[in-house]
Amino acid sequence: MKNSNNSYVVLNKSQQEAVFADDTPMIIFAGAGSGKTRVLTYRINHLIKSGVPANSILAITFTNKAAREMAERIDTVVSGRQKPTIGTFHSVCARILRENAHRLGYSSRFVIFDGSDQKSMIKKIVKELELSESFYKPSMLVSIYSKYRRDMIDIESIDVTSHYKAGRIKIFKRYESLKKESDGMDFDDLLLNVVRLFEENPDLLEFYRERFRHLFVDEFQDTNAIQYRLIRLLAEKYRSICVVGDDDQSIYRFRGADSKNIELFMKDFPDAAIFKLEQNYRSTKAILEFAHKVISKNSHRTDKQLWTENPEGEPIDFIRVGSDRDEAKKVLSIIETEHGRGRNYSDIAVFYRMNSQSRIIELELTGVVPYKIVKGHRFYDRREIKDIISYMQLVLNRNNNVCFERIVNVPSRKVGKKTIELLREEALKNGCSLFDAAKLFLKKRKNAGLDSFIGLIEKAEKIGSIVELFDYLIEQSGYMDMLKNEGGTVSENRISNILELKNAIVEHSKKEDGSLEAFLELTALTDDSNDISEDNVNLMTLHASKGLEFPVVIIVGTDDGIIPHSNSFSDPEQLQEERRLFYVGITRAKEKLYILSAASRMIAGSLSGFAASRFAREHFKENNYFYFGGNNGEPIRKYW
DNA sequence: GTCAATGTCATTTTT
DNA sequence: TGACATTGAC
C-alpha cells in the first residue's frame, strides 16, 4: 500500500492497534493528518479478510468525495463481487427510503429538495399567506425550521401566543403540505424519515440491522442528534461499530453537529475501546506547532498533542497588507513565486472564510494563473442545470409543483403570474397538482403556450432512454434555442454547462442503476465531483477544505471580524468554533503556510477597517497594531 | 406579458 | 458589490 507521497508505508503502532482490534464498539480519536482514512480502510479490509461479508459493512462518510476515495481503497480482490455500502448519511438514507417509501406515504420516486428549493418554497408561501416578507425571511425560516426538526420538536406543540410565532407555524405547516403534495423530501426528511421508519417498523429495523451489521462512521464529531440516533438504532444489536473523529475539527455546529455525541457514544457503549492517533504524517513541525498553539486556547478538548517526524520546514509567513485588493495581489505574487520554484499550481490552495471573498481574488488571478473554485456554487445549483433537472423531475413525477412553477415559463411561453394564479385556484378546487389543473384549465380556455408545455411533458413521459429524454427536452422545450439566441459569454457558459450535464447523463446511463431516479438523486446529494486532474490553484472556503491537504496553503482574511467572524464575537461557544475552523485550515498545509490579513476591505458595499485576527495576534506578537507595514506586505516571520 | 431601469438589502459556514 | 425585486414604459 502506498500513501499519498507515493512511498511505501506501514502502520505505526497505534494505527495497528486500531486496525486489528477486536470487533467491539470502538472510538478512534484521530488528529489532523494522522492517517485516519488509512486506518479506516485497513480495518475494513481486515474485517473482510477475516470473513465478514463485504456487503454487510456500512461506512458513513462526511462527503461523497470521501466516500469515493474510500471505495477506491477497499480491497476488491478480497471482497470479490460483494461491496460495502459507502456513502454520506443523506445518500444512505435516501437509498433506504427509496426501498420503503410506500410505508411513509411517499412514492419511491420522491424528489429531494435542496436548500435553494426550500428557500424558494418558503418565499412563495410567505407571499401566498400574505405575511410580511421583510419580517419572515426565507433563509432564516429554513434554518429555524430545520432546527425544530433536528430537535424533534413537534410544531403542533409549540405555543402560538406571539403572533410572529403563529405566523411561523402557519408557514411551516404549509411547507409540510407543499412537500407532501409534491412527493418531495428535504435534507432533514431524509434522516428523520428513516428514524421514523425504523422506530415504527421493528421488522424493517431488524432487516437493516442484519443488512448493515458492521458500522463505520467517519467525522463523528460532526454528527447531529438525529444522525446519532440513527447510528445507535442500527448498532445496538450487534455492537460492531467503529467511529472516528476529532473534536478539534468540529466545525458544523451551526448545522446541528454536536461533538457531545462523542461523550454520548461512550456512555451508550461504556465498554468501547478507545484509540488515539497522534502522529501526524502531513505537516512540517513549524506548521504543526502553530496549529497546536492556536487550538490549545480552546477549553473542553480531549487532551492530545500531535507530533511529527517531519522536518522543521519553512517558517510561517504572516503578511499584513493595506486592503483586500492588496491582499489579492499578494496572493497572486505568492502563487507566482511558488510556481517559479517548481511547484504545480494544483499544489497551492487559497482558503477564505466566506464565499464572497473569492471574487476579488478571482479578479486578480483570471487570465494570469489557472484556478478553480472548489464547490463555490455546486454545479447542480446553477440555474440552467436546475432548470433542465426540473424538466426531468417533472417528467418523472408530474405532481411536482415546485418544478412545474420553475419551468412552465422558461423559456417564455407567455404563461405569467396571472395564469399561474388561476392554475393554483384550479388545483386547490380540485385537490390536484398544478399539472393536472393545467389540463383542466385548457379544456375551458385556450392558452397555446401552456398547451405546448403540457404536450411536451406528456410526450416526454413516454421516452424510455434517459439520454434521449435529455436531448428531447433541451431541444423541444426551446431551452437551447433560448440560450443560443441570447448570445454572449454568459449564455455560452450555460450551454457548455448543459453539455457537461449531458456527459454526466451519458456516463450515468452506462451504470448498473442507470435510471432517471438514480440520476436525479445524485444531482440532489452530490457535491461537485470536480476533476482533480488539471493543474489549477484551488480556491475554497475553510469549511470546504476539511479533509483535504495541499503542499502550500494561503489563508486570507485573517482579520478580526472575518476569522473569527464578527457574528461569533458575542458567543464564546461560537468563538471556539471559529478557532477550530482556523485550525482546520492551518492543518491542511503540508509544507508552507501563508497567513494574510488586510487593514481595510469592502464589506457589503462599504469600506471598513479591520484589526489583524486575534488568533494571529496571539502568536505574531510584533503585530499588535491596528495597522502597520503599509502596502509593502513584507512577511512578519515567526520562528519556533 | 416583457423588458429595462431603478431601488433595496444583505453577507457565514452546507449535507 | 452585486443579486434580486419592484416599478413603469412598451
Side-chain angles (χ1 to χ4, degrees), chain A residues 60-67 87-94 112-120 123 127 133-134 137-140 142-143 146 150 185-191 219 222-224 226-227 250-257 324-325 351-360 362-363 374-378 380-381 383 409-421 447-450 486 521 523-528 540-546 557 561-569 571 574-575 577-578 580-582 584-585 601-608:
Chain A
I60 293 173
T61 55
F62 195 65
T63 62
N64 289 291
K65 197 161 146 241
T88 62
F89 272 103
H90 297 272
S91 65
V92 170
C93 286
I112 297 167
F113 293 125
D114 66 19
S116 65
D117 294 327
Q118 286 181 296
K119 261 207 306 218
S120 60
K123 203 175 201 170
K127 268 193 191 144
E133 285 176 62
S134 55
K137 301 217 168 74
S139 53
M140 193 188 222
V142 167
S143 76
S146 175
R150 282 196 310 261
M185 299 192 201
D186 59 25
F187 287 140
D188 292 320
D189 288 320
L190 293 177
L191 303 169
E219 306 282 8
D222 281 324
T223 51
N224 65 30
I226 309 235
Q227 290 166 338
S250 164
I251 54 173
Y252 284 97
R253 217 170 63 101
F254 69 94
R255 205 171 77 189
D324 47 358
R325 186 77 200 279
F351 301 159
Y352 34 82
R353 178 66 238 265
M354 30 187 184
N355 285 117
S356 56
Q357 290 172 264
S358 75
R359 204 188 45 85
I360 193 161
E362 286 182 75
L363 225 52
V374 177
K375 61 173 167 185
H377 299 280
R378 282 170 41 207
Y380 293 115
D381 278 349
R383 188 164 78 199
N409 203 32
V410 183
S412 169
R413 297 187 181 89
K414 303 198 189 284
V415 180
K417 270 190 208 144
K418 254 170 80 190
T419 316
I420 297 211
E421 212 33 67
N447 185 325
L450 193 58
E486 272 173 17
E521 185 163 313
T523 63
L525 296 176
T526 305
D527 47 48
D528 233 334
M540 71 193 82
T541 63
L542 285 162
H543 282 87
S545 77
K546 182 148 107 160
I562 309 288
I563 310 173
H565 195 273
S566 49
N567 287 0
S568 67
F569 285 170
D571 179 356
Q574 197 62 32
L575 210 51
E577 176 139 319
E578 295 286 308
R580 291 193 293 269
L581 188 57
F582 189 44
V584 166
R601 42 192 1 128
M602 292 291 281
I603 297 285
S606 62
L607 193 70
S608 26

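Heavy-atom basis, side chains included; hydrogens, waters and symmetry copies ignored. In the text below, chain A, chain B and the rest are named by the order of the sequence lines, each starting its count at 1.
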Expressed in angstrom and rounded to an integer, what is the separation of [X] atom [atom1] from [N] atom [atom2]?
{"X": "A/Phe351", "N": "B/dT13", "atom1": "CZ", "atom2": "C1'", "value": "14 Å"}
{"X": "A/Lys119", "N": "C/dC4", "atom1": "NZ", "atom2": "P", "value": "9 Å"}
{"X": "A/Phe254", "N": "B/dT15", "atom1": "CZ", "atom2": "C1'", "value": "9 Å"}
{"X": "A/Arg253", "N": "B/dT15", "atom1": "CZ", "atom2": "P", "value": "19 Å"}
{"X": "A/Gln357", "N": "B/dT13", "atom1": "CD", "atom2": "P", "value": "9 Å"}
{"X": "A/Leu190", "N": "B/dT14", "atom1": "CG", "atom2": "C1'", "value": "14 Å"}
{"X": "A/Met540", "N": "B/dT14", "atom1": "CE", "atom2": "P", "value": "12 Å"}
{"X": "A/Arg601", "N": "C/dT1", "atom1": "CZ", "atom2": "C1'", "value": "14 Å"}

Is there a donor-acceptor pair closer than 3.5 Å between any side-chain N or O of [X] and the backbone N or O of [Y]?
{"X": "A/Asn409", "Y": "A/Val415", "value": "yes"}
{"X": "A/Arg580", "Y": "A/Ser250", "value": "yes"}
{"X": "A/Glu578", "Y": "A/Ser568", "value": "no"}
{"X": "A/Ser146", "Y": "A/Ser143", "value": "no"}

When you get a sec, tell me which of [options] is the closest nucleotide to the side chain of [X]?
{"X": "A/His90", "options": "C/dC4, B/dT2, B/dT15", "result": "B/dT15"}
{"X": "A/Arg359", "options": "C/dG2, B/dA10, B/dT15", "result": "C/dG2"}
{"X": "A/Lys418", "options": "B/dG1, B/dT15, B/dT13", "result": "B/dG1"}
{"X": "A/Lys414", "options": "B/dA10, C/dA5, B/dG1", "result": "B/dG1"}
{"X": "A/Met602", "options": "B/dT13, B/dT15, C/dT1", "result": "C/dT1"}

So what does [X] hit on the nucleic acid, given a heavy-atom distance under 4.0 Å: a base, only sugar-phosphate, or nothing?
{"X": "A/Ser412", "value": "sugar-phosphate"}
{"X": "A/Thr419", "value": "sugar-phosphate"}
{"X": "A/Tyr252", "value": "sugar-phosphate"}
{"X": "A/Lys546", "value": "nothing"}

Are [X] and [N] close enough that a side-chain N or O sits under 4.0 Å from OP1 or OP2?
{"X": "A/Asn567", "N": "B/dT13", "result": "no"}
{"X": "A/Lys137", "N": "B/dC9", "result": "no"}
{"X": "A/Asn409", "N": "B/dG1", "result": "no"}

Query raised in the report: A/Tyr252 vs A/Phe62 aromatic rings, parallel, tilted or perpendicular, using cut-offs 30° and 60°?
Result: tilted
**Report entry** A/Ile112 vs A/Leu190, side chain to side chain contact (heavy atoms under 4.5 Å, CB included): CA-CA, chis, key distance, verdict
**Finding:** CA-CA 8 Å; A/Ile112 297 167; A/Leu190 293 177; 4.3 Å; yes
Requested in this report: Identify, between A/Ser356 and A/Gln118, the residue whose nearest nucleotide on DNA chain B lies closer to the 5' end.
Outcome: A/Ser356
